[in-house]
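Here's the structure, in structure tokens; my notes come after.
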Amino acid sequence: GTVIRGNLIHDVRSAYYGGWCIYPDEGSSHIIIEDNICYDADRHIFHQHYGRENIVRNNIFAFAGDAVATYSRADTHNGITFLRNIFVTDNKPFFSAGYSHSFCDRRFQSDLNCFFDVSGKPPYFRDRDNRRISLKEWHTLGYDTHSIVADPGFRNWKKRDFRLKSGSPAIRIGFRPPSTSDIGRDPEHAAISCTCSVNNKKKRAGGYFPALFVLQRYGQASRPISTSPLKPLRVLHLRPIKCKTRKGLSGEVLIGQTLA
């Protein structure tokens with residue numbers, strides 16, 4: 001049931017190992033990875049070590065130092081399905097094979113994607129032992145037979161503005177532009193600022209409360225929460241109070257004392 005959705009991940013750098021925006025490792029399986037915008041990694045945007053039946057769909061993966069995506073240790077089942085993604089590169093391979101398989105082994109599936117090389121050169125893929133695979137050969141192997149090679153029409157990819165202009169050809173393959181309006185803090189988490197009365201003394205309940213704790217009753221059980229990452233609280237009780245999040249929600253505030 002794991003879902004990786006709605007993230008903006010960029011400028012990932014590594015010293016000797018790593019350099020990936022999204023990395024399902026060591027048997028990660030049955031994960032949906034969708035609606036993410038990832039760019040500028042010094043190795044790969046997406047790297048799966050090994051796993052089973054992960055779905056990678058409706059993402060924008062752009063500009064990697066080695067290849068946009070790789071699957072390094074493929075087992076004898078379908079490890080990944082890539083669908084309706086936009087892959088962007090600058091004269092680098094879109095996919096590279098790992099150390100234990102070749103593309104002809106068909107250890108993953110890929111179709112209905114949009115490939116765009118800003119250099120203007122024909123797209124290519126790198127098989128095991130650095131063998132270069134053309135788009136025609138890629139299709140012959142059974143990959144991306146319904147995908148397109150086209151400029152998706154970003155507003156300004158040089159400034160890393162990956163919003164799509166009207167009439168983008170990526171829409172024809174079913175791509176849905178990911179919303180960037182709520183990227184950053186989880187929209188279910190909201191800033192709370194309110195004044196409440198405890199033991200006839202005025203105390204301030206404020207800061208950054210996860211809305212999960214603010215708006216949901218937990219009874220009288222103690223549960224550690226935080227007003228900030230550096231200020232853990234011990235929950236004393238729930239106290240009804242009128243307050244609103246920036247999303248216009250209201251509910252009960254957890255009253256607690258700061259732990260040393």
Side-chain angles (χ1 to χ4, degrees), residues 1-5 7-115 117 123-147:
T2 301
V3 178
I4 302 173
R5 177 187 295 133
N7 298 285
L8 177 65
I9 306 171
H10 59 91
D11 295 289
V12 179
R13 301 291 179 263
S14 61
Y16 305 103
Y17 179 82
W20 312 302
C21 290
I22 297 178
Y23 179 45
D25 191 17
E26 296 294 333
S28 300
S29 299
H30 307 118
I31 300 172
I32 295 176
I33 300 167
E34 64 182 5
D35 299 339
N36 301 288
I37 301 174
C38 305
Y39 59 90
D40 291 334
D42 64 2
R43 302 291 178 86
H44 308 96
I45 300 299
F46 177 88
H47 178 183
Q48 179 166 306
H49 183 196
Y50 66 94
R52 179 186 290 270
E53 297 167 355
N54 295 312
I55 297 174
V56 181
R57 65 191 181 195
N58 213 81
N59 303 281
I60 297 174
F61 291 162
F63 302 119
D66 186 79
V68 178
T70 190
Y71 184 15
S72 58
R73 199 194 92 178
D75 294 318
T76 57
H77 49 255
N78 179 46
I80 322 166
T81 299
F82 294 96
L83 285 172
R84 298 185 176 90
N85 302 284
I86 298 177
F87 295 100
V88 185
T89 190
D90 187 0
N91 198 28
K92 299 287 185 180
F94 287 99
F95 288 92
S96 63
Y99 56 82
S100 68
H101 70 107
S102 297
F103 288 137
C104 62
D105 297 328
R106 294 299 310 275
R107 302 302 194 218
F108 67 93
Q109 300 178 22
S110 184
D111 208 357
L112 291 171
N113 299 295
C114 176
F115 296 107
D117 191 329
Y124 74 98
F125 310 83
R126 189 176 63 231
D127 207 347
R128 192 177 179 184
D129 301 326
N130 291 319
R131 190 169 72 88
R132 188 178 179 119
I133 301 290
S134 69
L135 181 63
K136 184 177 179 179
E137 292 176 282
W138 187 250
H139 288 166
T140 301
L141 292 171
Y143 300 105
D144 288 292
T145 56
H146 302 94
S147 296

Do [X] and [Y] have side-chain heavy atoms sitting under 4.5 Å apart?
| X | Y | value |
| --- | --- | --- |
| N78 | Q109 | yes |
| N36 | I4 | yes |
| V68 | P93 | no |

### Aromatic contact, W138 with F94 (centres under 6.0 Å)
no
### Task
Could you tell me if the ring centre of F82 sits under 6.0 Å from that of F95?
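Yes, the ring centres sit under 6.0 Å apart.
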#### Entry: ring pair (Phe, Tyr, Trp, His ring centres under 6.0 Å) against H49, all qualifying residues, sequence neighbours excluded
none
### Message
Restricting to ring pair (Phe, Tyr, Trp, His ring centres under 6.0 Å), what partner residues turn up for H10, sequence neighbours left out?
### Response
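Applying ring pair (Phe, Tyr, Trp, His ring centres under 6.0 Å) to H10 gives Y39.
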Would the distance check show the side chain of [X] and the main-chain N or O of [Y] forming a donor-acceptor pair, the cut-off being under 3.5 Å?
| X | Y | value |
| --- | --- | --- |
| N58 | L83 | no |
| R106 | L141 | yes |
| D127 | F103 | yes |
| N85 | N113 | no |
| R73 | Y99 | no |
| D11 | D40 | no |
| D25 | Y23 | no |
| T70 | S96 | yes |

### Message
If the condition is salt bridge (Lys or Arg N to Asp or Glu O under 4.0 Å), which residues does D66 pass it with, not counting sequence neighbours?
### Response
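With neighbours one apart ignored, the set is R126.
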Do [X] and [Y] have side-chain N/O donor and acceptor atoms under 3.5 Å apart?
| X | Y | answer |
| --- | --- | --- |
| E137 | S134 | yes |
| R107 | H101 | no |
| S14 | D42 | yes |
| S72 | H47 | yes |
| Q48 | N54 | yes |

### Query
So, for F63 and I45, which heavy atoms are closest and what is the spacing to 0.1 Å?
O-CD1, 3.7 Å
### Among I55, N59, V3, side-chain contact (heavy atoms from CB on, under 4.5 Å) partner for I33
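Only one option passes, and that is N59.
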### Query
Yes or no on side chain to side chain donor-acceptor pair (under 3.5 Å) for D117 and T89, after CA distance, side-chain angles and deciding distance?
CA-CA 5 Å; D117 191 329; T89 190; 5.2 Å; no
